[in-house]
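See below for the structure under consideration.
Atoms considered below: every heavy atom in the structure, side chains included; atoms not considered: hydrogens, waters and symmetry mates.
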Amino acid sequence: MQTTITSQLTQIKNERRLEKMNERIIPIFQKYNIPIDNENMVAFMNELYDTNISINNGLLSKGGADFENIISHKLNNNGISFREQVVIDENGIIKAFNTTTIEECFHKVDFVVGENIEIGRSIEEFMVLSCKTTCRERWKQDDWSLVTKPKKYILLTVSNDYPPSAKFQESETRKIITENPKKRDNRVYKLNYDSLISEITELVER
């Protein structure tokens, strides 16, 4: 059975959860020397709850990075040329790579696919992959791609909360890939992750 992106993310999350439980929950048991009396029970439960919330928040914040790492490995394994975390200005001109300081620049692109991706070149010369584990309204962060259009733009997600086809303005050069399609999936291009590499190579070979 083929391993899915969702199962990989779940495995990473569970491994991290176990690691954090060993680091932080077991010492709480030891600290309160279970079995404990009623007075200590309240303090124990409060600390256990706060620690659990902290772990969950940490896991959520890392989910997007794990997703991007999986996609990065997939591209590398298939010999695809790309750059990650590409900073562009409001005109779609590449300004920097892998920086947390965007300053006057406009947007940070998860993956830019193509050859000779360099500062000063336009995003319109390349393909863009945008990774969002869940979409909701976050996909609108990439509305710039409707004005400064890449050669192809693909929204990558593992959820079923992606936008409707018309609202997304789906087209031959603007598509959605998910492994969890809606029951009423109105996408014109019903793509999953088996389609990702072919979508890239199809553009490169034109």
Side-chain angles (χ1 to χ4, degrees), residues 2-10 12 60-78 80-90 92 94 97-98 102 105-114 117 122-204 206:
Q2 186 176 3
T3 303
T4 64
I5 301 287
T6 302
S7 65
Q8 291 178 69
L9 288 172
T10 299
I12 293 170
L60 287 173
S61 68
K62 289 185 177 293
D66 292 334
F67 185 22
E68 291 176 19
N69 286 337
I70 291 169
I71 298 301
S72 179
H73 288 311
K74 193 175 186 70
L75 298 178
N76 278 320
N77 290 342
N78 284 275
I80 304 296
S81 178
F82 68 95
R83 294 293 299 264
E84 297 180 64
Q85 301 302 308
V86 178
V87 178
I88 61 173
D89 67 13
E90 61 183 0
I94 296 173
F97 304 102
N98 300 309
I102 297 181
C105 292
F106 181 65
H107 194 80
K108 187 182 290 184
V109 182
D110 295 327
F111 291 94
V112 176
V113 179
I117 302 167
S122 172
I123 199 68
E124 293 180 333
E125 301 177 58
F126 305 104
M127 179 176 183
V128 164
L129 306 178
S130 180
C131 297
K132 301 196 186 311
T133 50
T134 59
C135 294
R136 301 185 185 92
E137 295 299 306
R138 294 173 59 238
W139 66 275
K140 291 184 178 179
Q141 295 169 354
D142 291 336
D143 275 356
W144 62 267
S145 63
L146 294 167
V147 179
T148 308
K149 297 181 179 180
K151 284 187 175 180
K152 183 181 280 189
Y153 170 89
I154 300 183
L155 174 63
L156 305 178
T157 186
V158 292
S159 73
N160 64 358
D161 61 356
Y162 51 86
S165 177
K167 191 173 183 180
F168 180 71
Q169 299 185 40
E170 188 183 15
S171 70
E172 188 175 337
T173 58
R174 186 173 174 82
K175 301 178 180 179
I176 299 170
I177 288 181
T178 186
E179 61 183 14
N180 186 20
K182 299 177 180 179
K183 290 182 178 179
R184 296 182 179 179
D185 185 7
N186 72 349
R187 289 178 300 160
V188 176
Y189 305 92
K190 294 177 172 55
L191 304 177
N192 58 33
Y193 284 90
D194 292 336
S195 311
L196 177 58
I197 300 304
S198 62
E199 285 291 320
I200 294 172
T201 55
E202 175 187 274
L203 182 66
V204 171
R206 285 180 182 175

Under 3.5 Å, is there a donor-acceptor pair linking the side chains of Thr4 and Thr6? no
Would you confirm whether Thr157, through its side chain, and Lys132, through its main-chain N or O, come within 3.5 Å as a donor-acceptor pair? yes
Mind checking what makes salt bridge (Lys or Arg N to Asp or Glu O under 4.0 Å) contact with Glu125, not counting sequence neighbours? Arg121
How far apart are the closest heavy atoms of Gln8 and Ile70, and which atoms are they? CB-CD1, 3.7 Å
Check the angle between the aromatic planes of Phe67 and Tyr193 and answer parallel, tilted or perpendicular using the 30° and 60° thresholds. perpendicular
In Å and rounded to the nearest 0.5 Å, what is the CD1 to OG distance from Ile176 to Ser130? 11.0 Å
CZ of Arg83 to OG of Ser72, rounded to nearest 0.5 Å, is 12.0 Å
Once ring-ring contact (aromatic ring centres under 6.0 Å, His included) is applied, do any residues pair with Phe111, and if so which ones, sequence neighbours excluded? Phe82
Sorted by chain and number, sequence neighbours left out, salt bridge (Lys or Arg N to Asp or Glu O under 4.0 Å) with Arg174 holds for none
Ignoring hydrogens, what is the shortest heavy-atom contact between Asp110 and Leu129? Give both atom names and the distance. CB-O, 3.5 Å
Check whether Asn192 reaches the backbone of Asp194 with its side chain - one donor and one acceptor, N or O, closer than 3.5 Å. yes
CG-CG distance between Leu156 and Leu196, expressed to the nearest 0.5 angstrom: 6.0 Å
Name all residues meeting the side chain to side chain donor-acceptor pair (under 3.5 Å) criterion together with Thr134; count only those two or more places apart in sequence or in a different chain, and write none if there are none. Arg136
Nearest heavy-atom contact between Val147 and Glu124 is O-OE2, 4.4 Å
Mind checking the OG1-CZ spacing from Thr133 to Arg138? Nearest 0.5 Å is all I need. 6.0 Å
So, taking the atom named CD1 in Ile177 and the one named CG in Leu191, what distance separates them when rounded to the nearest 0.5 Å? 5.0 Å
For residues Ser198 and Ser195, report the shortest heavy-atom separation together with the two atoms involved. OG-O, 2.8 Å
Just so I know, are the side chains of Gln169 and Tyr153 near enough to count as touching, which here means a heavy-atom distance under 4.5 Å? no
Validation row: Pro163, Leu155 side chains within 4.5 angstrom (heavy atoms): yes
How long is the straight-line distance from CD1 of Ile117 back to CD1 of Ile123, given to the nearest 0.5 Å? 8.0 Å
Determine the minimum heavy-atom distance between Lys175 and Lys152, stating which atoms define it. NZ-NZ, 4.3 Å
For residues Asn186 and Ser165, report the shortest heavy-atom separation together with the two atoms involved. OD1-N, 3.2 Å
Tell me whether Arg187 forms a cation-pi arrangement with Tyr162, defined as NZ or CZ under 6.0 Å from the six-membered ring centre and within 45 degrees of its axis. yes
Partner set under salt bridge (Lys or Arg N to Asp or Glu O under 4.0 Å) for Lys149, not counting sequence neighbours: none
With sequence neighbours left out, the residues meeting side chain to side chain donor-acceptor pair (under 3.5 Å) with Trp144 are His107, Asp142
